[in-house]
Undergrad: 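Quick one: the structure is below, questions incoming.
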Amino acid sequence: MRIVCIGGGPAGLYFALLMKKQHPEHQVTVVERNRPFDTFGWGVVFSDATMQSMRQWDPATAETIEDAFNHWDDIELVFKGRKIRTTGHGFVGIGRKKMLNILQERCIELGVELVFETDVQGDQDFPDADLIISSDGVNSRIRHKYADIFKPDMVMRPNRYIWLGTDKRFDAFTFDFQRTEHGWFQAHIYRFDDNTSTFIVETTDEVFKAHGIDQMDQDQSIAFCERLFAGTLDGHKLMTNARHLRGSAWLNFGRLICDKWSHFNGQSHVVLMGDSAHTAHFAIGSGTKLAIDDAIELTRQFDLIGHDKASIPAVLSAYEEVRRVDVARIQNAARNAMEWFEVVGTRYADTLEPEQFMYSMLTRSQRISHENLRLRDKDWLEGFERWFAERAGVSPAPNGSVPPPMFTPFSIRGMTLKNRIVMSPMAMYSATDGMPDDFHLVHIGARAMGGAALVFPEMTCVSPDARITPGCLGLWNDEQAQAFKRMVEFVHQKTPAKIGIQIGHAGRKGATRVPWEGIDQPVEQGGWPLISASALPYLRHSDMPREMTREDMDRVLADFVSATERARDLGFDILELHAAHGYLLSSFLSPLTNLRDDEYGGSHENRARYPLEVFRAIREVWPEDKPISVRLSTHDWYEGGNTPEDAAIFAKMFKDAGADMIDCSSGQVVKEEQPVYGRLFQTPFSDKIRNEIQVPTIAVGAISEADHANSIIAAGRADLCAVARPHLADPAFVLHEAAKIGYDEQEWPKQYRSGRQQYVTNLQRAQQAAAPAGKA
Ligand SMILES: Cc1cc2nc3c(=O)[nH]c(=O)nc-3n(C[C@H](O)[C@H](O)[C@H](O)COP(=O)(O)OP(=O)(O)OC[C@H]3O[C@@H](n4cnc5c(N)ncnc54)[C@H](O)[C@@H]3O)c2cc1C
Ligand SMILES: Cc1cc2nc3c(=O)[nH]c(=O)nc-3n(C[C@H](O)[C@H](O)[C@H](O)COP(=O)(O)O)c2cc1C
């Protein structure tokens, strides 16, 4: 085979040398437009995992690279006049130049043909090639040429950055945050050889322009950065090696995804590799790793499937299939980390204290969790836990121990919760005429004994026609209030938990069957007329709701008020107003379901007008010393619908009206929604609202273990975590999670204490059995 790699970056060179090494009979050429040993860029960082695969595939290169590596464990934060350091992070850094030189030399040794100073115009330059690797970087000419086939999706990110170097030798991966009169700048700094460190400076476009950097030349903007980071640079200079770039040399990062990675041009197969196929933001330093892993995978597929011409199509398709998964995973983590740096100035830097700021930064990709931080640097994490606990009003025990973040108390108005876990409201569809019965008592009672600090029964409807199904709970008459009394008294008298009530109105999603008889399907008999912000059915065949008149609004508002009064008299500890999931109040907030042209439709202010009227009316009758939370769909997951930006606007309006907390759910507004599920998938919305609007939040959605909750609470992404389905699977969810992370101070109901010891012993046995052989 004749193989040509267009572009001699890490992807092209590493693939060339691996392929030549595995199959010397093939003719492999790398064509690079730069001169040999001439390259842009400073140092890049690598993880141990990448080195391990490199060692396996070509020990010779791996060894030389390892000899040239700079290894360091520490991360240092420079912030608000403080320096905070943690260890155990294990990075290696190497000069990009150095690494390419090693790869070039190894290519020559193995017989790869290296052609320099040749600017390739396109794949047609190599008509005799069987396989053309488009390893020509993020601005790939080949990818542009076949854009209609590869369908690249490039999103230019808003932040500006400049990639510089300095001869100051940093001994930790250093993040330096500096505030100017216009906003925040951050530097990502790491040493990569004996004398040089990479120094990337980043800021938002607004701050960049406010300082007039767009009008500066490179020398001026470097001088600006030197002044800004003078404290960290200690008299050292910043250097550029991007003299070829015009203007100030500040760039925007482009996030690239391609629909397809390979194409047959009639003569040769063309395949994308490295940055020409995908990019990962430098915030997690994985671009080179992805390029190297691509090269390894393509070689591996040739080994597996066959390295003759006939096998090329199968090899390319297997390569793409395998790599897509890993690339998506890394891009996901890189996106979280990148977004953190995009919003850090407006969201965290002004408000978080250095300790929590450090925690938030370390967990920015959401791939590093609380327990993972403990493995990396136990002392630092324990110090942080003490700091966090003290902020929550907990003094250390005589032995110095404190509860982990999720087990610290939380107070709001006059309510104090003993930990941060809430059992999220979940409709059970098991009531008759809205009446709670023994099922509800046992269901809620068991979970209140199971360790959650606060339990919410399901959405409780404010009138018979406010129900989703005939099986929903209600609080519109005294008989129902009497039945709820047992539940509230049980929780208050027999458990340490608090009990809240979520009140709501189903709106256009009402009069449906219980889910096990057909989710969202209209009831066949005994239905009721529906009302909504606008006359739009939920499903095409759902009953058509009537657009609410002012009279309807007055009636429903009065129903909300009288349910609130009943809840107040019953002694519920917190009230939640359900304004999410496409139900009545949510139908006003979303532009997808609110098409009104009166003062209740159109702008954010208009759409929120009625939900806020309801909120203010219930706040009036709800006790002053008790909190009210509002549940919002913080993302409609559908084009034209509300996004987290809109949700933040609504959150601010509710906060200004006196809401104490925003419960950040999402979706269920329109059936056609396209949510992106995943671990903690709604937590970023809570993070945004809490830290931008400065209102306490409840995070919910796929939070299923203590490690998740600890990370969320510790980083300040929410004040409470609501856990729903895990509480269906396990009423004692919190007791069990405490045992799993070895938190011994969690009280069990006194009647159940003997079960605790056995549970802990069984856990330990299971952990020992799962431990690798020889370690038991
Ligand atoms: C500021 C910044 C910091 C980074 N930090 C890190 C980090 O810490 N860790 C990390 O892993 N990654 C990092 N990266 C990413 C990393 O640089 C890239 O992901 C990686 O180099 C991709 O390798 P590649 O071989 O695909 O492309 P490239 O390295 O871009 O190589 C492409 C090559 O093709 C050549 N070429 C292009 N067009 C032609 C043509 N028409 N004819 C001939 N030759 C051509 C170019 O000259 C170049 O040598 C960083 C990137 C940036 C911008
Ligand atoms: C069976 C069931 C019923 C639910 N009913 C309600 C409800 O009445 N009110 C509400 O706001 N959310 C309701 N939800 C949503 C949950 O409160 C929660 O937001 C969602 O399940 C995500 O959390 P999880 O991943 O921990 O399950 C319900 C969820 C389930 C599974």
Side-chain angles (χ1 to χ4, degrees), residues 5-15 30-34 38-47 50 91 93-94 96 99-100 103 115-122 125 134-142 161-164 188 190 192 198 200 202 251 253-254 272-292 294-295 422-429 456-461 468 472-473 502 504 515 576 578-581 583 631 633 663-668 677 680-682 698 700-704 721-728:
C5 302
I6 302 178
L13 290 170
Y14 199 58
F15 175 70
V30 178
V31 188
E32 165 60 46
R33 64 180 168 200
N34 290 334
D38 176 20
T39 169
F40 75 90
W42 299 97
V44 293
V45 291
F46 260 25
S47 72
T50 309
F91 294 99
I94 186 169
R96 179 177 156 94
M99 185 180 67
L100 292 186
L103 298 180
V115 179
F116 290 99
E117 296 179 74
T118 305
D119 194 3
V120 177
Q121 296 308 307
D125 291 7
S134 163
S135 48
D136 48 347
V138 66
N139 297 315
S140 166
R141 222 172 248 165
I142 309 288
Y161 71 89
I162 183 165
W163 202 1
L164 301 169
H188 311 230
Y190 48 92
F192 61 86
T198 292
I200 302 170
E202 188 187 8
L251 305 169
F253 173 78
L272 305 180
M273 184 179 282
D275 270 12
S276 91
H278 44 68
T279 54
H281 190 260
F282 53 84
I284 61 162
S286 289
T288 312
K289 167 200 158 51
L290 288 179
I292 295 283
D294 284 355
V422 176
M423 183 181 96
S424 200
M426 277 179 288
M428 294 288 104
Y429 312 104
F456 270 107
E458 65 205 66
M459 172 172 117
T460 301
C461 307
I468 311 166
C472 290
L473 280 183
Q502 184 192 54
E576 176 160 288
H578 199 337
H581 301 170
Y583 298 123
R631 183 167 259 209
S633 281
D663 187 350
C664 301
S665 186
S666 76
Q668 298 174 54
Y677 294 120
L680 319 187
F681 74 110
Q682 295 168 157
I698 306 177
V700 64
I703 300 169
S704 52
C721 291
V723 174
R725 288 163 299 169
H727 267 118
L728 295 184

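What you see is a predicted model; the values in this text were computed from it and never measured. Both ligands and their constituent atoms are indexed starting at 1 by order of listing.
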Undergrad: To which of Gln502, Met426, Met459 does the heavy atom nearest atom 11 (O) of ligand 2 belong?
TA: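 Residue with the shortest heavy-atom distance to the ligand atom: Gln502.
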
Undergrad: Would you name the heavy atoms of Pro425 and Pro457 that are closest together and state the gap between them?
TA: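 Scanning both residues completely, I find the closest heavy atoms to be CB-O, 3.4 Å.
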
Undergrad: Is Val700 in contact with ligand 2, taking contact as a heavy-atom separation below 4.0 Å?
TA: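 Val700 counts as a contact of ligand 2 under the 4.0 Å cut-off.
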
Undergrad: N/O to N/O below 3.5 Å, does that happen between Gly12 and ligand 1?
TA: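 So ligand 1 has no N or O lying under 3.5 Å from an N or O of Gly12.
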
Undergrad: Is ligand 1 under 4.0 Å from a heavy atom in the side chain of Tyr190, in the backbone, in both, or in neither?
TA: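 Looking at Tyr190 and ligand 1, just side chain atoms fall under 4.0 Å.
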
Undergrad: At under 4.0 Å between heavy atoms, which part of Pro726 makes contact with ligand 2: side chain, backbone, both or neither?
TA: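 Side chain only.
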
Undergrad: So for Thr118, does at least one of its heavy atoms come nearer than 4.0 angstrom to any atom of ligand 1?
TA: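 The answer is yes, since Thr118 has a heavy atom less than 4.0 Å from ligand 1.
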
Undergrad: How far apart are the closest heavy atoms of Gly701 and Gln682, and which atoms are they?
TA: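 Minimum heavy-atom contact is CA-NE2, 3.7 Å.
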
Undergrad: Would you check the N or O atoms of Asp119, main chain and side chain alike, for any that come under 3.5 Å of an N or O of ligand 1?
TA: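 For ligand 1, there is an N or O atom that lies under 3.5 Å from one belonging to Asp119.
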
Undergrad: One residue to check: Arg141. Relative to ligand 1, which of side chain, backbone, both or neither has a non-hydrogen atom less than 4.0 Å away?
TA: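 The answer is the side chain.
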
Undergrad: Considering heavy atoms of the protein only, find what lies nearest to atom 14 (N) of ligand 2 and give residue, atom and distance to 0.1 Å.
TA: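 I find the closest protein heavy atom is Pro425 O, 3.4 Å.
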
Undergrad: Going by heavy atoms, is Arg96 under 4.0 Å from ligand 1?
TA: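 Arg96 counts as a contact of ligand 1 under the 4.0 Å cut-off.
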
Undergrad: Can you check whether Tyr161 reaches His188 side chain to side chain, under 4.5 Å on heavy atoms?
TA: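 Tyr161 vs His188: side chains apart.
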
Undergrad: Just jot down the ligand 1 atoms closer than 4.0 angstrom to any heavy atom of Gly137, in number order.
TA: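 What qualifies from ligand 1 is 27 (O), 30 (O), 32 (C).
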
Undergrad: Roughly how far, to the nearest 0.5 Å, is the CE atom of Met273 from the NE2 atom of His278?
TA: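 It comes to 8.5 Å.
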
Undergrad: Without hydrogens or angle criteria, can the side chains of Asp275 and Thr279 be said to hold a donor-acceptor pair below 3.5 Å?
TA: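 There is no such pair (donor and acceptor under 3.5 Å, judged by atom type) between the side chains of Asp275 and Thr279.
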
Undergrad: Could you report the tightest heavy-atom contact between Met99 and Thr288, atom names first, then the distance?
TA: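 It is CE-CG2, 3.6 Å.
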
Undergrad: What part of Asn34, side chain, backbone, both or neither, has a heavy atom within less than 4.0 angstrom of ligand 1?
TA: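 Asn34 to ligand 1: side-chain contact only, backbone stays beyond 4.0 Å.
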
Undergrad: Does any N/O atom on Val723 come nearer than 3.5 Å to any N/O atom on ligand 2?
TA: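 By distance alone, the answer is no.
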
Undergrad: For ligand 2, which atoms have a heavy atom of Gly701 less than 4.0 angstrom away?
TA: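 Numbered from 1, ligand 2 contributes 22 (C), 23 (O), 25 (O).
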
Undergrad: Tell me: protein heavy atom nearest atom 15 (C) of ligand 2, and distance?
TA: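 Checked against all protein heavy atoms, atom 15 (C) of ligand 2 sits closest to Arg631 NH1, 3.9 Å.
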
Undergrad: Under 4.0 Å from a heavy atom of Gly274: give me the atoms of ligand 1 that qualify, with their elements.
TA: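 Those of ligand 1 that fall under 4.0 Å from Gly274 are 26 (O).
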
Undergrad: For ligand 2, find out whether one of its N or O atoms is nearer than 3.5 Å to an N or O atom of Ala722.
TA: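 Min N/O separation from ligand 2 is not below 3.5 Å for Ala722.
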
Undergrad: If you define the side chain from C-beta out and look only at heavy atoms, does anything of Ser135 sit under 4.5 Å from Phe15?
TA: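 Side chain of Ser135 against side chain of Phe15, heavy atoms only: no contact under 4.5 Å found.
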
Undergrad: Between Leu272 and Ser134, is any pair of side-chain heavy atoms under 4.5 Å apart?
TA: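 With C-beta onward as the side chain, the pair touches.
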
Undergrad: Could you list the atoms of ligand 2 found under 4.0 angstrom from a heavy atom of Ala702?
TA: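 Ligand 2 atoms under the 4.0 Å threshold to Ala702: 24 (P), 25 (O).
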
Undergrad: If we only count N/O pairs under 3.5 Å, is His578 in contact with ligand 2?
TA: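 Checking ligand 2 against His578, an N or O pair does fall under 3.5 Å apart.
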
Undergrad: Mind checking whether Ala427 has an N or O less than 3.5 Å away from an N or O of ligand 2?
TA: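 Indeed, backbone or side chain, Ala427 has an N or O that close.
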
Undergrad: Nearest 0.5 Å, what's the CD1-OH distance between Ile200 and Tyr190?
TA: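 Here the interatomic distance stands at 4.5 Å.
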
Undergrad: Using heavy atoms and a threshold below 4.0 Å, how should the contact between Ser286 and ligand 1 be classified: side chain, backbone, both, or neither?
TA: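 For Ser286, the contact with ligand 1 is made by the backbone alone.
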
Undergrad: Starting from atom 20 (C) of ligand 2, find the nearest protein heavy-atom neighbour and note its residue, name and distance.
TA: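 So the nearest neighbour among protein heavy atoms is Ala724 CB, 4.0 Å.
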
Undergrad: Which of the atoms in ligand 1, numbered in the order shown and given with their element, are less than 4.0 Å from a heavy-atom of Val31?
TA: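 Here the atoms of ligand 1 in question are 43 (C), 44 (N).
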
Undergrad: Below 4.5 Å, heavy atoms only, C-beta onward: do Trp163 and Phe282 meet side chain to side chain?
TA: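 The answer is no; the side chains never approach within 4.5 Å.
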
Undergrad: Under 4.0 Å from any heavy atom of Ala291, which atoms of ligand 1 are there?
TA: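 The list of qualifying atoms is 23 (O).
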
Undergrad: Does some non-hydrogen atom of Glu576 fall short of 4.0 Å from ligand 2?
TA: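 No, that is not the case, since the closest heavy atom of the residue is not under 4.0 Å from the ligand.
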
Undergrad: Taking 4.0 angstrom as the limit and counting only heavy atoms of Lys289, give me the atoms of ligand 1 inside it, by number and element.
TA: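 Per the distance check, 11 (O).
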
Undergrad: Of all the heavy-atom pairs spanning Pro726 and Ile703, show the shortest one and how long it is.
TA: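 Minimum heavy-atom separation between Pro726 and Ile703: CG-O, 4.0 Å.
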
Undergrad: Ligand 1 and Trp163, any nitrogen or oxygen pair closer than 3.5 angstrom?
TA: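 Trp163 vs ligand 1: no N/O contact under 3.5 Å.
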
Undergrad: Answer side chain, backbone, both or neither: which part of Ala11 comes under 4.0 Å from ligand 1, heavy atoms only.
TA: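 Under 4.0 Å from ligand 1, Ala11 contributes backbone and side-chain atoms.
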
Undergrad: Within the 4.0 Å heavy-atom shell around Ile200, which atoms of ligand 1 are there?
TA: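 Result: 1 (C), 3 (C).
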
Undergrad: Compute the shortest N/O to N/O distance between Leu728 and ligand 2 and return yes if it is under 3.5 Å, no if not.
TA: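 No - when backbone and side-chain N and O of Leu728 are compared with those of ligand 2, no distance drops under 3.5 Å.
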
Undergrad: Relative to ligand 1, is Ser135 under 4.0 angstrom through side chain, backbone, both or neither, heavy atoms considered?
TA: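 For Ser135, only backbone atoms sit under 4.0 Å from ligand 1.
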
Undergrad: Can you tell me how far CD of Gln502 sits from OG1 of Thr460, rounded to the nearest 0.5 angstrom?
TA: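 It is 7.5 Å, given to the nearest 0.5 Å.
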
Undergrad: Minimum distance, heavy atoms only, to atom 25 (O) of ligand 2: which one of Arg725, His727, Met423 is it?
TA: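 Selected option, by shortest heavy-atom distance: Arg725.
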
Undergrad: If I apply the N/O under 3.5 Å rule, does Tyr161 come out as touching ligand 1?
TA: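 N/O-N/O distance below 3.5 Å does not exist for this pair.
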
Undergrad: Do Ser140 side-chain atoms and Val138 backbone N/O form a donor-acceptor pair below 3.5 Å?
TA: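 Not confirmed, Ser140 side chain does not pair with Val138 backbone.
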
Undergrad: Heavy atoms, side chains only, cut-off 4.5 Å: are Asp136 and Arg141 in contact?
TA: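 In contact.
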
Undergrad: Hey, does Ser424 come in under 3.5 Å of ligand 2, counting only N/O atoms on both sides?
TA: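 Between Ser424 and ligand 2, an N or O pair is found under 3.5 Å apart.
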
Undergrad: Distance from Leu728 atom CG to Met423 atom CE, nearest 0.5 Å?
TA: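 It is 7.5 Å, given to the nearest 0.5 Å.
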
Undergrad: Which option, Gly287, Pro10, Gly254, owns the non-hydrogen atom nearest atom 15 (C) of ligand 1?
TA: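 The option holding the nearest heavy atom is Gly287.
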
Undergrad: Nearest heavy-atom pair of Ala280 and Phe253: which atoms, and what distance?
TA: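 Residues Ala280 and Phe253, closest heavy atoms: C-CZ, 3.6 Å.
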
Undergrad: Only heavy atoms count here, so choose which of Ala295, Gly9, Gly43 is nearest to atom 31 (O) of ligand 1.
TA: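 It is Gly9 that holds the nearest heavy atom.
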
Undergrad: Any idea which heavy atoms bring Glu458 and Met428 closest together, and the distance?
TA: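 Heavy-atom minimum between the residues: OE1-N, 3.2 Å.
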
Undergrad: Could you tell me the separation between the CD atom of Glu576 and the OG atom of Ser424, rounded to the nearest 0.5 Å?
TA: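 Atom-to-atom, Glu576:CD and Ser424:OG are 7.5 Å apart.
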
Undergrad: To the nearest 0.5 Å, what is the distance between NZ on Lys289 and OG1 on Thr50?
TA: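 Reported to 0.5 Å precision, the distance equals 4.0 Å.
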
